[in-house]
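Below is one structure, written out as structure tokens; comments come after it.
Residue numbers start from 1 in every chain, and the chains themselves are labelled A, B, ... in the order their sequence lines are given, proteins ahead of strands. What you are looking at is a predicted structure, and each value in this text was computed from that prediction instead of being measured.
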Amino acid sequence: MNFWLFKSEPDAFSIDDLKQKKIEHWDGVRNYQARNYMRDEMKQGDLGFFYHSSCKQPGIVGIIKIKREAYADFTSWDPEGDYYDPKSSVDNPRWVMVDVQFVKKFKRVISLDELKQNRKLQYMQLLKKGNRLSIMPVHAEEWETILALL
DNA sequence: GCCAACGTTGGC
DNA sequence: GCCAACGTTGGC
């Protein structure tokens, strides 16, 4: 099983939104590296951290599970939508999404600062300078280390 | 709102 | 294929 980290701006889509919806498609990823992770490596049953970015308290807020593996991101076909990409077609979709299921919301936010303070997490992709990936893998040891913070 | 870092685009 | 210009991300 693989572990992942999903970033989202809580103003747009938060852990509470997912909790309410139970299952939701993770649309709008328009970065090739993030897409390739979803398309090539993400498997049903994989777990991921839900990370809130660009907000008052950036950090990890809960856990989600991959419910459906990668399929065409239909939001790329909607000319009226925010995620429209004219180079993506029904016959030849450029972008993919997965379905994720709410698993758990943590009682507290594991803040970005707390992650930075932890020596065991010093090589986490999330903490690399200038990191802008919205979906990234998390090593099993890092996953365990983070859960142990709770 | 600022700005560093990064990805993408497009002219050459 | 290079690289400058531009747009976006995301912490602060």
(message) Are A:W143 and A:F49 an aromatic pair, judged by ring center distance below 6.0 Å?
(response) yes
(message) What's the closest nucleotide to the side chain of A:Q33 if the choices are B:dG7, C:dG11, B:dT9?
(response) B:dG7
(message) Using a 6.0 Å distance limit plus a 45 degree cone around the ring axis, check whether A:R68 lies over the aromatic ring of A:Y71.
(response) yes
(message) Using modelled atom types and a 3.5 Å cut-off, is there a donor and acceptor pairing between side-chain atoms of A:D73 and backbone atoms of A:D27?
(response) no
(request) With the side chain of A:K129 defined as its heavy atoms from C-beta on, choose the nearest nucleotide among B:dT8, C:dG10, B:dA5. (result) B:dA5
(request) Please state how far atom CG in A:L126 lies from atom C1' in B:dA5, giving the value in whole angstrom units. (result) 15 Å
(request) Rounded off to whole Å, could you give me the CZ-to-C1' distance for the A:R35 and B:dG7 pair? (result) 14 Å
(request) Would you kindly give the CG-to-P distance between A:L133 and B:dT8, to the nearest whole Å? (result) 10 Å
(request) Ignoring backbone atoms, test whether A:Y51 places a side-chain nitrogen or oxygen under 4.0 Å from the OP1 or OP2 oxygen of C:dG11. (result) yes
(message) Looking at C:dT9, I'd like to know if its phosphate oxygens (OP1 or OP2) sit under 4.0 Å from a side-chain N or O belonging to A:K7.
(response) no
(request) Can you tell me the distance, in whole Å, between the CG atom of A:N131 and the P atom of C:dG11? (result) 9 Å
(request) Starting from P on C:dG11, measure out to CD on A:E114 and report it in whole angstrom. (result) 16 Å
(request) Go through B:dT8, B:dG7, C:dG11 for me and flag the one nearest to the A:P58 side chain. (result) C:dG11
(request) Calculate the interatomic distance between A:N31 atom CG and C:dT8 atom P; express it in whole Å. (result) 14 Å
(message) Between the side chains of A:K19 and A:E24, is the shortest nitrogen-to-carboxylate-oxygen separation below 4.0 Å, so that they form an ion pair?
(response) no
(request) Find the distance A:W95:CH2 to B:dT8:C1' and express it as a whole number of Å. (result) 10 Å
(request) Starting from C1' on C:dT9, measure out to CG on A:D11 and report it in whole angstrom. (result) 15 Å
(request) Could you check whether A:K116 gets within reach of a base, just the sugar-phosphate, or nothing at all, counting any heavy atom under 4.0 Å? (result) sugar-phosphate
(message) Testing the 3.5 Å rule here: is there a donor-acceptor pair between the side chains of A:R39 and A:Y32?
(response) no
